[in-house]
Amino acid sequence: MDGFSHNGGNNKQLNVLGSDLEPCNLSDKKSNVITGFYRDNCCNTGPDDFGLHTVCCVMTKSFLTFSKLVGNDLSSPMPEYNFKGLTEGDSWCLCASRWQEAFEAGKAPKVILKSTNIATLSLVKLDNLKKYSV
């Protein structure tokens with residue numbers, strides 16, 4: 001699955017539910033975090049996205065701690081990349097393999113299905129994503 005809609009050649013990417021991919025944010029959460037591999041606030045993907053940053057997640061303390069322990073510190077600021085660090089409640093386009101790893105460890109963050117790219121299904125089962133849906 002490449003994540004693109006092939007109906008009418010519109011190049012819109014699809015979510016795991018088969019409809020147009022929605023932005024990865026929560027309307028009630030005002031965040032200064034800009035997410036997505038292309039920093040467009042969507043979990044769009046393409047041939048240059050080797051990490052498959054396609055799972056729209058809502059960060060939890062448990063996941064952020066887990067991620068840091070396995071070598072992907074998302075909570076510490078990195079000013080050189082204009083990255084303030086993520087906190088609980090922030091939305092983020094996570095790599096599908098990292099979400100699967102966290103799921104297997106019992107630490108997966110919540111998922112926004114309408115904002116999670118269908119390409120995710122090449123690595124993660126839809127039923128597992130649904131168990132963690134917001």
Taking side chain to side chain contact (heavy atoms under 4.5 Å, CB included) as the definition, give me every residue that meets it alongside [X], ordered by chain and number, with sequence neighbours left out.
X	answer
Cys43	Cys24, Cys56, Cys93
Ser62	Thr60, Lys107
Asn41	Ile34, Thr35
Asn72	Ser67, Leu74, Arg98

Restricting to non-hydrogen atoms, name the atom on [X] and the atom on [Y] that form the minimum distance, rounded to 0.1 Å.
X	Y	result
Ala119	Leu52	O-CD2, 3.8 Å
Thr45	Gln13	O-NE2, 2.8 Å
Leu123	Ser97	CD1-N, 4.0 Å

State, with a plain yes or no, whether a side-chain heavy atom of [X] is found less than 4.5 Å away from one of [Y].
X	Y	answer
Leu129	Val55	yes
Thr116	Asn15	no
Val111	Trp99	yes
Val124	Gln100	yes
Leu21	Asn44	yes

Requested in this report: Taking atom CG of Asp48 as the centre, report whether more than 12 heavy atoms of other residues, nucleotides or ligands fall under 6.0 Å from it.
Outcome: yes
Query raised in the report: Are Leu86 and Tyr38 grouped together when hydrophobic residues (ILVMFWY) are joined by side-chain heavy atoms under 4.5 angstrom apart?
Result: no
Query raised in the report: Are Leu69 and Phe103 linked, directly or through other ILVMFWY residues, by side chains that come within less than 4.5 angstrom of each other?
Result: no
If only atom types and distance count, is the side chain of [X] paired as donor or acceptor with the main-chain N or O of [Y] below 3.5 Å?
X	Y	value
Ser115	Pro23	yes
Asp90	Thr87	yes
Asp73	Lys68	no

Please report the interatomic distance [atom1]([X]) to [atom2]([Y]), rounded to the nearest 0.5 Å.
X	Y	atom1	atom2	result
Ile118	Leu126	CD1	CG	9.0 Å
Met59	Lys110	CE	NZ	13.0 Å
Leu121	Leu14	CG	CG	10.5 Å
Asp20	Lys12	CG	NZ	4.5 Å
Ser133	Leu113	OG	CG	4.5 Å
Glu88	Thr65	CD	OG1	9.5 Å

**Report entry** Residues that Phe83 engages under ring-ring contact (aromatic ring centres under 6.0 Å, His included), provided they are two or more places apart
**Finding:** Trp92
Query raised in the report: Which ring-ring contact (aromatic ring centres under 6.0 Å, His included) pairs, counting each pair once, include a residue from residues 40-66, with sequence neighbours left out?
Result: Phe37-His53
Report summary line: In Val58, Val134, Leu94, the residue satisfying side-chain contact (heavy atoms from CB on, under 4.5 Å) with Pro109 is Leu94
Requested in this report: Give a yes-or-no answer on whether the side chains of Asn117 and Thr120 include a donor-acceptor pair shorter than 3.5 Å.
Outcome: no
